[in-house]
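Values below: every heavy atom of this structure, side chains too, minus hydrogens, waters and symmetry copies. In what follows, every chain begins at residue 1, and chains take the letters A, B, ... in the order their sequences are listed.
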There are 2 protein chains.
Amino acid sequence: MARPPLSKERVLRAAVALADDIGIEALSMRKLAQELGVVPMALYKHVTNKDELLDGMVDVIMAQIDPPAVGTDWKSAVRQRILSARQALLRHRWASQVIESRAAPTPAVMDYLDSMIGLFRTGGLSVDLTHHVMHAMGSRILGFSQELFDDSGPANPEEQAAAMSAMAQRYPYITEMAIAASHTDESVVGSGCDDQFEFEFALDILLDGIARLHRAAMAG
Amino acid sequence: MARPPLSKERVLRAAVALADDIGIEALSMRKLAQELGVVPMALYKHVTNKDELLDGMVDVIMAQIDPPAVGTDWKSAVRQRILSARQALLRHRWASQVIESRAAPTPAVMDYLDSMIGLFRTGGLSVDLTHHVMHAMGSRILGFSQELFDDSGPANPEEQAAAMSAMAQRYPYITEMAIAASHTDESVVGSGCDDQFEFEFALDILLDGIARLHRAAMAG
DNA sequence: ACCTGAACACCGTTCAAGT
DNA sequence: ACCTGAACACCGTTCAAGT
């Protein structure tokens, strides 16, 4: 019966499996501990609290998404990657909900968004168009809503500058887009994007596409 | 200090206000009771449990959506209605999450979907195209995911027939679409729609729209 | 130093005792 | 018949007592 020693990885894998089994709303620290044959407090050696557990579970799921294809046009690369993400999220139906419920996006989610933006940018799309497109993707296409950024924290300027350059290192495309958006926008405060505009942009792509298909159906 | 007597409506309005204030995850029956100056068990006279409270809160929000415009083309009518729904959901940021978390869509949500489908159908779009379009709307555009139907319950045939005709009375457009989808589909079981197809349909409208805008930007 | 049982401050909801 | 306090079966997490 001697179980392998507890590790963060084993805790996270068990949590993912348990959430698949009993649903995310029924997942509790106590039940997870029981599943691992361990006293509840033992979990706190590997995750500082339940929020960190949920973050870790998200990262397990994100790791299942295939890396972007190389040597294809942007459209197929984006298409493949999104369909791969979809498979990962379908395997764990609670995943989208948990991703959206996190206070801040996890690094793995940031990586996914950054590399997705990178596919459009290296494909030649402008920063602005890419920005709109990322919004337009919406939660159904991207697998989760991209309204993940808090942009509320008014930390001191030094901290902010340090955070920004760390950010630029790690997530170059997200940073590029954030800078472009904040320059474009009149208001200096806030996330620097006009969400109403973004919403209507997505809506109109869809409505125009639908109208086009409708006309084609009438003509055919 | 004499508060007006408790009623379902007053309970629901207080719950909506409290959720706006403290967030949906912090909303509890006990806190809601305290807010209303009432013992926790008093709430159970007006809602049978917390799930029914959440359903009721959803209906309060749905009631804030403007009815469809009359005498305009389908495209503007759809556009206006969606933007109105967006305003209602933005006023209560927890609303989308709660709508998606419900086991079954509430009648008010069904009404919204049915009248949205009605706008496309009376605008002349085919049942099939309308079906794809509703899927394509995605949660960002529609305000919440439309994957709301359980389609698991294999009730007895009589019950099912009775449920179907009640459904057709109340939600004519939803019913029409459901019937068309189940005829089109090879597999008789299940919801009768190929979700992978629907996902790719939405994805391709978006990608084609993006490619078109990109070409226009290059040419201009 | 590490581990863990008991305890604390919460939940939603049942149930029996009070009016 | 109605109302409600206490109780039950849960939570996540703190903390002090045990090794």
Side-chain angles (χ1 to χ4, degrees), chain A residues 1-60 94 97-104 106, chain B residues 1-60 94 97-104 106:
Chain A
M1 267 296 153
R3 299 288 228 129
L6 221 53
S7 66
K8 181 156 186 175
E9 203 216 318
R10 217 163 80 76
V11 169
L12 295 181
R13 277 197 291 113
V16 166
L18 190 55
D20 289 347
D21 252 31
I22 65 174
I24 194 71
E25 71 294 330
L27 176 74
S28 73
M29 297 297 276
R30 287 161 127 108
K31 278 185 205 154
L32 177 56
Q34 196 179 9
E35 194 76 10
L36 286 161
V38 132
V39 84
M41 282 314 299
L43 298 176
Y44 288 78
K45 271 273 111 83
H46 301 98
V47 290
T48 72
N49 53 33
K50 195 179 181 181
D51 275 334
E52 201 181 287
L53 177 79
L54 292 171
D55 280 345
M57 290 169 69
V58 168
D59 287 350
V60 170
W94 43 269
Q97 186 190 134
V98 173
I99 293 171
E100 290 182 43
S101 77
R102 303 299 66 221
T106 69
Chain B
M1 267 292 155
R3 299 289 229 127
L6 221 52
S7 66
K8 181 155 186 176
E9 203 216 317
R10 218 163 79 76
V11 169
L12 295 180
R13 276 197 294 110
V16 166
L18 189 56
D20 288 347
D21 251 31
I22 66 173
I24 193 72
E25 70 294 329
L27 176 74
S28 74
M29 297 297 276
R30 287 162 125 109
K31 278 185 205 154
L32 177 57
Q34 196 178 8
E35 195 75 12
L36 287 161
V38 132
V39 85
M41 283 312 300
L43 299 176
Y44 287 79
K45 273 273 110 85
H46 301 97
V47 289
T48 71
N49 53 33
K50 195 180 182 182
D51 275 334
E52 200 181 287
L53 177 79
L54 292 171
D55 281 344
M57 291 168 69
V58 168
D59 287 349
V60 170
W94 44 267
Q97 186 190 135
V98 173
I99 293 170
E100 290 183 42
S101 76
R102 303 298 68 219
T106 69

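- Expressed to the nearest 0.5 Å, how far CD1 of Ile99(A) lies from CG of Leu54(A) amounts to 11.5 Å.
- Separation of atoms CG (Leu18(A)) and CE (Met57(A)) is listed at 8.0 Å; rounding is to 0.5 Å.
- Partners of Asp51(B) under the side-chain hydrogen bond (donor to acceptor under 3.5 Å, both in side chains) rule, at least two apart in sequence or in another chain, are Arg102(B).
- Rounded to a whole Å, the CD atom of Glu25(B) is 15 Å from the C1' atom of dC11(D).
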For DNA chain C, the expected dot-bracket line (Watson-Crick or G-U under 3.5 Å, [ ] crossing, | inter-strand) is ||.|||||...|||||.||
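- Shown here are the side-chain hydrogen bond (donor to acceptor under 3.5 Å, both in side chains) partners of Asp21(A), two or more places apart in sequence or in another chain: there are none.
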Please tabulate, for side-chain N and O atoms in residues 40-48 of chain A, each donor-acceptor pair with protein atoms closer than 3.5 Å (sequence neighbours left out).
| unit_1 | atom_1 | unit_2 | atom_2 | d |
| --- | --- | --- | --- | --- |
| His46(A) | NE2 | Leu6(A) | O | 3.3 |
| Thr48(A) | OG1 | Glu52(A) | OE1 | 3.1 |

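- For Leu43(B) and dC2(D), the CG to P distance is 18 Å, given to the nearest whole Å.
- The CD1-P distance, from Ile22(A) to dC10(D), rounds to 12 Å in whole Å.
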Please list, for nucleotides 12-18 of chain C, all pairs of protein and nucleotide N/O atoms separated by less than 3.5 Å.
| unit_1 | atom_1 | unit_2 | atom_2 | d |
| --- | --- | --- | --- | --- |
| dG12(C) | OP1 | Met29(B) | N | 3.1 |
| dG12(C) | OP1 | Lys50(B) | NZ | 3.1 |
| dG12(C) | OP2 | Met29(B) | N | 3.0 |
| dG12(C) | N7 | Arg30(B) | NH1 | 2.2 |
| dG12(C) | O6 | Arg30(B) | NH1 | 2.9 |
| dT13(C) | OP2 | Tyr44(B) | OH | 2.9 |
| dT13(C) | OP2 | Lys50(B) | N | 3.0 |

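- Contact record, Leu53(A) with Ala15(A): CD1-CB, 4.0 Å, taken as the closest heavy-atom pair.
- Across the protein-nucleic acid pair, Leu6(A) atom CG and dC2(C) atom P stand 16 Å apart, rounded to whole Å.
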Table please: side-chain donor-acceptor pairs of residues 22-33 of chain B below 3.5 Å, with sequence neighbours left out.
| unit_1 | atom_1 | unit_2 | atom_2 | d |
| --- | --- | --- | --- | --- |
| Ser28(B) | OG | Lys31(B) | N | 3.0 |
| Lys31(B) | NZ | Ala26(B) | O | 3.0 |

